[in-house]
Amino acid sequence: MAEHDCEVLIVGGGPTGITLGLFLQDAGVATIIAEKEQDIYPLPRGAHIDHEIVRILQNVGVADAVMATSKTGGRYEFLTADRQILLSFDWTEPGASGWPYSNMIHQPSLEAALRKRLVAVHGARLHTQWAFQSMELDDGGVTARFATPDGEETIRARYIVGADGARSPVREAAGIAIDDLGFDEPWLVVDTIVHDPSRLPDRNLQICDPARPTTCVMMGNGRHRWEFMIKPGETSEDVLDDRFIADLLKPWNVEGAVSLERKAVYRFYARLAKQWRKGPVLLAGDAAHQMPPFAGQGMCSGMRDAANMWWKLAEVMQGGADDRLLDAYQAEREPNVRGIVDMAILMGRTVCVTDPAAAAERDAAMLADRAAGRSPDAQAGYPPISAGRILGGSAGAGAYFPQPWSDDEPALRLDDGTGAGAVLFSRGGTPPAGNSGVRVMDLADPAIAFARSALEGWLVRHDADAVLVRPDHYVFGSGDPARLIAAWQP
């Protein structure tokens with residue numbers, strides 16, 4: 001059997017693939033990333049990341065660089081055609097990670113920061129212009145073949161991760177089917193460069209106008225986006241015409257305030273792969289799930305995949321964990337993604353009503369609920385982990401663990417004091433970690449002194465002496481420190 005060229009081969013060099021590669025190489029897992037394109041796509045695509053994703057970027061060393069080109073999302077409102085509020089989400093406060101809850105980004109800048117970090121810290125383990133062709137699986141792993149400018153290249157790895165987009169050649173080669181969740185709408189996406197921000201909305205908007213459902217959102221780095229639902233009978237050629245776009249933008253009174261950067265037609269789908277792991281093959285990002293953009297969680301979900309997957313792969317290859325640990329990946333991530341997809345579909349179906357009578361009925365019902373205090377504004381949370389590698393029955397198991405910040409300038413952040421990997425915070429004595437792979441920290445540890453009050457508060461609320469937090473910042477379990485360490489053993 002041929003020697004492995006790497007332990008993990010990642011197909012796809014977008015945000016999900018590069019983030020996963022950074023995590024793995026930081027953990028000492030030999031990784032190669034193969035990307036079919038030569039360069040980063042230079043125009044905006046993804047528009048939003050939430051606070052959890054900024055924390056992930058913090059963990060791989062690029063949060064500050066990404067946030068320098070981003071804009072806080074603030075409020076997100078769903079409006080009737082005459083601009084009455086149907087739904088309003090206030091995301092102006094920091095999230096549990098300490099980072100701003102909602103952040104509008106410039107995707108090329110985010111990708112550039114990730115790739116710069118990959119080269120600076122680990123050297124170039126990214127092969128561009130490598131197009132995946134086929135793979136063969138066996139008991140020792142996978143052999144993948146690529147078409148490159150220099151001819152066919154072959155890489156042998158223990159595991160292969162398809163982070164190669166919605167069409168995913170890796171998923172196709174593995175014979176993994178897709179579940180269609182019944183949402184398919186064509187939209188025109190218009191990205192612009194902003195010259196006069198004072199003439200643009202200061203919040204993100206969904207205009208629930210049956211004449212033309214419309215999205216208007218801020219972007220990072222001096223940009224703004226509109227999305228317009230395409231009506232029956234309109235062709236791509238029709239809606240991509242600059243005069244057609246100018247007419248769509250006319251009611252916004254932004255002539256001279258913006259200039260066109262990109263125009264594209266997209267179909268907004270809701271789909272999930274039936275298997276996220278098949279032997280040595282794993283799927284992440286759009287290869288595993290596609291969702292309508294109304295919740296702003298497409299890119300976020302892929303990067304959560306990376307944060308969930310990397311430490312499982314590391315434990316299997318370096319920590320002696322059974323290969324079956326990788327089966328927990330889909331068990332943990334799919335319910336979260338399904339919850340987000342359901343929320344995005346609900347938002348989309350609220351927006352995408354084109355029958356005037358149905359829209360009037362929707363408006364009346366939602367406005368009445370809002371007046372009566374029944375508006376679901378606060379229901380934008382994501383399901384916690386309910387299965388997989390958690391200590392079921394213990395308080396807080398599967399919940400997202402907060403990251404306290406200090407009041408200093410620059411602020412100290414909890415993860416910077418703990419480092420990567422699993423960590424146990426204890427207020428009732430610290431058992432030796434042994435070979436558990438867990439960093440054990442008493443709340444009196446000087447490295448986390450600034451966070452002591454917040455950590456103590458979490459333990460008191462959950463009536464626990466200790467909490468063991470997984471490398472992806474979800475709670476494994478709480479309770480007795482020694483019991484937690486023992487339960488964590490692979």
Peer 1: Could you give the distance from SG (Cys352) to CD1 (Ile345), rounded to the nearest 0.5 Å?
Peer 2: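 CD1 of Ile345 is found 11.0 Å from SG of Cys352.
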Peer 1: Strictly by modelled atom types, are Glu255 and Asn253 linked by a side-chain donor-acceptor pair under 3.5 Å?
Peer 2: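 Per modelled atom types, Glu255 and Asn253 side chains form no pair under 3.5 Å.
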Peer 1: Do Arg55 and Tyr400 have a side chain donor and acceptor closer than 3.5 Å?
Peer 2: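 There is such a pair between these side chains.
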Peer 1: Locate the shortest heavy-atom distance separating Arg158 from Pro280; write the atom from each residue and the value.
Peer 2: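 Closest heavy-atom pair between Arg158 and Pro280: O-CB, 3.4 Å.
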Peer 1: Report the distance from atom CZ of Phe89 to atom CG of Asn204, rounding to the nearest 0.5 Å.
Peer 2: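 Reported value, rounded in 0.5 Å steps: 12.0 Å.
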Peer 1: Hydrogens and angles aside, do Glu261 and Thr192 bring a side-chain donor and acceptor to less than 3.5 Å of each other?
Peer 2: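 Per modelled atom types, Glu261 and Thr192 side chains form no pair under 3.5 Å.
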Peer 1: What I want to find out is whether Glu334 reaches Lys274 closely enough, with some N-O distance under 4.0 Å, to be called a salt bridge.
Peer 2: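 Result for this pair is no, no salt bridge flagged.
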Peer 1: When you compare the side chains of Gln129 and Glu35, does any donor N or O come within less than 3.5 Å of an acceptor on the partner?
Peer 2: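 No, no side-chain donor-acceptor pair sits under 3.5 Å.
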Peer 1: Show, in sequence, the C-alpha distance, side-chain angles and deciding distance for Ser70 and His106, and conclude whether the side chain to side chain donor-acceptor pair (under 3.5 Å) test is met.
Peer 2: CA-CA 7 Å; Ser70 301; His106 180 237; over 6 Å; no
Peer 1: How far does OG1 of Thr214 sit from CH2 of Trp226, to the nearest 0.5 angstrom?
Peer 2: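 Spacing of OG1 (Thr214) from CH2 (Trp226) equals 11.0 Å.
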Peer 1: Would a 4.5 Å heavy-atom cut-off, applied to side chains only, mark Phe476 and Val469 as touching?
Peer 2: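 Side chain of Phe476 against side chain of Val469, heavy atoms only: no contact under 4.5 Å found.
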Peer 1: May I ask you to decide if Arg271's main-chain N or O and Gln290's side chain share a donor-acceptor pair within less than 3.5 Å?
Peer 2: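 No; judged by distance alone, with no hydrogens or angles, the pair does not exist.
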Peer 1: May I ask you to test the Ile85-Thr80 pair for a side-chain heavy-atom distance under 4.5 Å?
Peer 2: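 No. Closest side-chain heavy atoms not under 4.5 Å.
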Peer 1: Evaluate salt bridge (charged side-chain N to carboxylate O under 4.0 Å, His left out) for Asp64 paired with Arg117, printing each intermediate quantity in order.
Peer 2: CA-CA 12 Å; Asp64 292 330; Arg117 179 73 176 176; over 6 Å; no
Peer 1: Check the pair Phe183, Val341 against side-chain contact (heavy atoms from CB on, under 4.5 Å), reporting the backbone distance first and the verdict last.
Peer 2: CA-CA 10 Å; Phe183 191 95; Val341 170; over 6 Å; no
Peer 1: Taking all atoms of both residues into account, what is the closest heavy-atom pair of Arg389 and Leu325, and its distance?
Peer 2: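 Smallest interatomic distance, heavy atoms only, reads CD-CD1, 3.7 Å.
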Peer 1: Can Trp276 and Val337 be said to form a side-chain contact (heavy atoms from CB on, under 4.5 Å), step by step?
Peer 2: CA-CA 12 Å; Trp276 297 19; Val337 169; 3.8 Å; yes
Peer 1: Strictly distance-based, threshold 3.5 Å: is any side-chain N or O of Asp50 a donor or acceptor partner for the main-chain N or O of Ile53?
Peer 2: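 Yes; judged by distance alone, with no hydrogens or angles, the pair exists.
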Peer 1: Has Lys36 got more than 12 heavy atoms of other residues, nucleotides or ligands less than 6.0 Å from its NZ?
Peer 2: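 Count not over threshold, so no.
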Peer 1: Quiz question: by atom type and distance under 3.5 Å, do the side chains of Tyr76 and Gln206 form a donor-acceptor pair?
Peer 2: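 Judged by distance alone, the side chains do pair up.
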Peer 1: Using a 3.5 Å distance criterion without hydrogens, assess whether the side chain of Lys116 forms a donor-acceptor pair with backbone atoms of Val62.
Peer 2: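 Between the backbone of Val62 and the side chain of Lys116 there is no qualifying donor-acceptor contact (under 3.5 Å).
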Peer 1: Would you check if there is a donor-acceptor pair between the side chains of Ser301 and His289 at a distance under 3.5 Å?
Peer 2: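 No, no side-chain donor-acceptor pair sits under 3.5 Å.
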Peer 1: Any side-chain to backbone donor/acceptor pair from Thr19 onto Thr16? Under 3.5 Å, distance only.
Peer 2: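 Not confirmed, Thr19 side chain does not pair with Thr16 backbone.
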Peer 1: With a 4.0 Å cut-off, would you call Glu136 and Arg156 a salt bridge?
Peer 2: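 Salt bridge flag = no for Arg156 with Glu136.
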Peer 1: Answer whether the closest heavy-atom distance between the side chains of Val170 and Val161 falls below 4.5 Å.
Peer 2: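 The answer is no, as the side chains (C-beta and beyond) never meet within the 4.5 Å cut-off.
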Peer 1: Quickly, which of His48, Arg225, Arg223 forms a side chain to side chain contact (heavy atoms under 4.5 Å, CB included) with Met104? Name it, please.
Peer 2: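 Running side chain to side chain contact (heavy atoms under 4.5 Å, CB included) over His48, Arg225, Arg223 with Met104 returns exactly one hit, His48.
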Peer 1: Quick one: pull up CG in Leu249 and CG in Leu260 and give me the separation to the nearest 0.5 Å.
Peer 2: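 Here the interatomic distance stands at 8.0 Å.
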Peer 1: Using a strict cut-off of less than 4.0 Å between a Lys/Arg side-chain nitrogen and an Asp/Glu carboxylate oxygen, indicate whether Lys250 and Asp247 qualify as a salt bridge.
Peer 2: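 Result for this pair is yes, salt bridge flagged.
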Peer 1: Between Arg470 and Val475, does the side-chain contact (heavy atoms from CB on, under 4.5 Å) criterion hold? Intermediate values first, please.
Peer 2: CA-CA 6 Å; Arg470 304 174 354 154; Val475 175; over 6 Å; no
Peer 1: Do Asp242 and Lys263 sit within salt-bridge range, that is, some charged N less than 4.0 Å from a carboxylate O?
Peer 2: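 Counted as a salt bridge, because a side-chain N and a carboxylate O are separated by less than 4.0 Å.
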Peer 1: For the residue pair Trp99 / Glu52, report whether a side-chain donor-acceptor contact shorter than 3.5 Å exists.
Peer 2: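 No, no side-chain donor-acceptor pair sits under 3.5 Å.
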Peer 1: Kindly compute the distance separating CG (Leu181) from CG (Asp342), expressed to the nearest 0.5 Å.
Peer 2: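 Output value for this atom pair is 7.5 Å.
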Peer 1: Strictly by modelled atom types, are Asp286 and Tyr269 linked by a side-chain donor-acceptor pair under 3.5 Å?
Peer 2: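 No - no donor-acceptor pair under 3.5 Å links their side chains.
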Peer 1: Is Ser168 reaching over with its side chain to a backbone N or O of Asp164, donor-acceptor style, under 3.5 angstrom?
Peer 2: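 No.
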Peer 1: Verify whether one side chain among Arg75 and Ser88 offers a donor that lies under 3.5 Å from an acceptor in the other.
Peer 2: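 Arg75 vs Ser88: donor-acceptor pair found between side chains.
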Peer 1: For the residue pair Asn59 and Asp415, confirm or rule out a side-chain donor-acceptor distance under 3.5 Å.
Peer 2: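 The criterion, which ignores hydrogens and geometry beyond distance, is satisfied for Asp415 and Asn59.
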Peer 1: Taking the six-membered ring of Trp252 as reference, does the NZ or CZ atom of Arg83 fall below 6.0 Å from its centre and within a 45° cone about the axis?
Peer 2: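 So Arg83 does make the cation-pi contact.
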Peer 1: Would you say the rings of Trp187 and Phe294 are close, in the sense that their centroids are separated by under 6.0 Å?
Peer 2: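 Under 6.0 Å, so yes.
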Peer 1: Are any non-hydrogen side-chain atoms of Ile10 and Ile32 less than 4.5 angstrom apart?
Peer 2: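 In short, these two side chains do not touch, never coming nearer than 4.5 Å.
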Peer 1: Which heavy atom of Asp305 sits nearest to which heavy atom of Gly285, and what is that distance?
Peer 2: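 Nearest pair, atom of Asp305 first, then Gly285: OD2-N, 2.8 Å.
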Peer 1: Just by modelled atom types, is the Ala174 backbone N or O under 3.5 Å from a matching donor or acceptor in the Lys278 side chain?
Peer 2: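 Yes, Lys278 side chain to Ala174 backbone: donor-acceptor pair under 3.5 Å.
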Peer 1: Between His51 and Trp91, does the ring centre distance come in under 6.0 Å?
Peer 2: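 Judged by ring-centre distance (under 6.0 Å), His51 and Trp91 do not meet the cut-off.
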Peer 1: Less than 4.0 Å between a side-chain N and a carboxylate O, is that true for Arg304 and Glu332?
Peer 2: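 A salt bridge is absent here (no side-chain N lies under 4.0 Å from a carboxylate O).
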Peer 1: With a 3.5 Å distance limit and no angle check, can you tell me whether Ser109 reaches the backbone of Gln107 through a side-chain donor-acceptor pair?
Peer 2: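 No, the answer is negative, given that no donor and acceptor are paired below the 3.5 Å cut-off.
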Peer 1: Are the side chains of Asp26 and Val121 in contact, using a 4.5 Å heavy-atom criterion?
Peer 2: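 Yes - at least one pair of side-chain heavy atoms lies under 4.5 Å apart.
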Peer 1: How close do His195 and Ser259 get, heavy atom to heavy atom, and via which atoms?
Peer 2: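 Reported closest heavy-atom pair: NE2-OG, 2.8 Å.
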Peer 1: Roughly how far apart are Leu110 CG and Ile105 CD1, rounded to 0.5 Å?
Peer 2: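 Leu110 atom CG to Ile105 atom CD1 measures 5.0 Å (nearest 0.5 Å).
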Peer 1: Is it true that the side chains of Gln84 and Asp363 contain a donor and an acceptor less than 3.5 Å apart?
Peer 2: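 No.
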Peer 1: Could you tell me whether Arg277 and Asp323 make a salt bridge, using a distance below 4.0 angstrom between a side-chain N and a carboxylate O?
Peer 2: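 Yes, charged N to carboxylate O under 4.0 Å.
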Peer 1: Under 4.0 Å between a side-chain nitrogen and a carboxylate oxygen: does that hold for Asp327 and Arg333?
Peer 2: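 Here Asp327 does not pair with Arg333 in a salt bridge, since their nearest N and O are not under 4.0 Å apart.
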Peer 1: Closest approach of Asp238 and Gly233, non-hydrogen atoms and distance?
Peer 2: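 Closest approach of Asp238 to Gly233: OD2-O, 4.1 Å.
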Peer 1: Decide side-chain contact (heavy atoms from CB on, under 4.5 Å) for Glu185 and Met229; before the verdict, give the C-alpha distance in whole Å, the side-chain angles of both, and the deciding distance to 0.1 Å.
Peer 2: CA-CA 8 Å; Glu185 297 286 354; Met229 189 175 178; 3.1 Å; yes
Peer 1: With a 4.5 Å limit on heavy-atom distance, are the side chains of Pro100 and Val54 in contact?
Peer 2: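 Pro100 does not reach Val54 side chain to side chain.
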Peer 1: May I ask you to test the Met218-His224 pair for a side-chain heavy-atom distance under 4.5 Å?
Peer 2: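 Yes, close enough: below the 4.5 Å cut-off.
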Peer 1: Looking just at side-chain N and O atoms, do Thr148 and His127 make a donor-acceptor pair shorter than 3.5 Å?
Peer 2: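 Distance-only check fails for Thr148 and His127.
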Peer 1: Taking the side chain as C-beta and beyond, is there a heavy-atom pair between Leu326 and Leu313 under 4.5 Å?
Peer 2: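 Yes. Closest side-chain heavy atoms under 4.5 Å.
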Peer 1: Give me the atom names and distance for the closest heavy-atom approach of Gly21 to Ile33.
Peer 2: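 For Gly21 versus Ile33, the nearest heavy atoms are CA-CD1, 4.1 Å.
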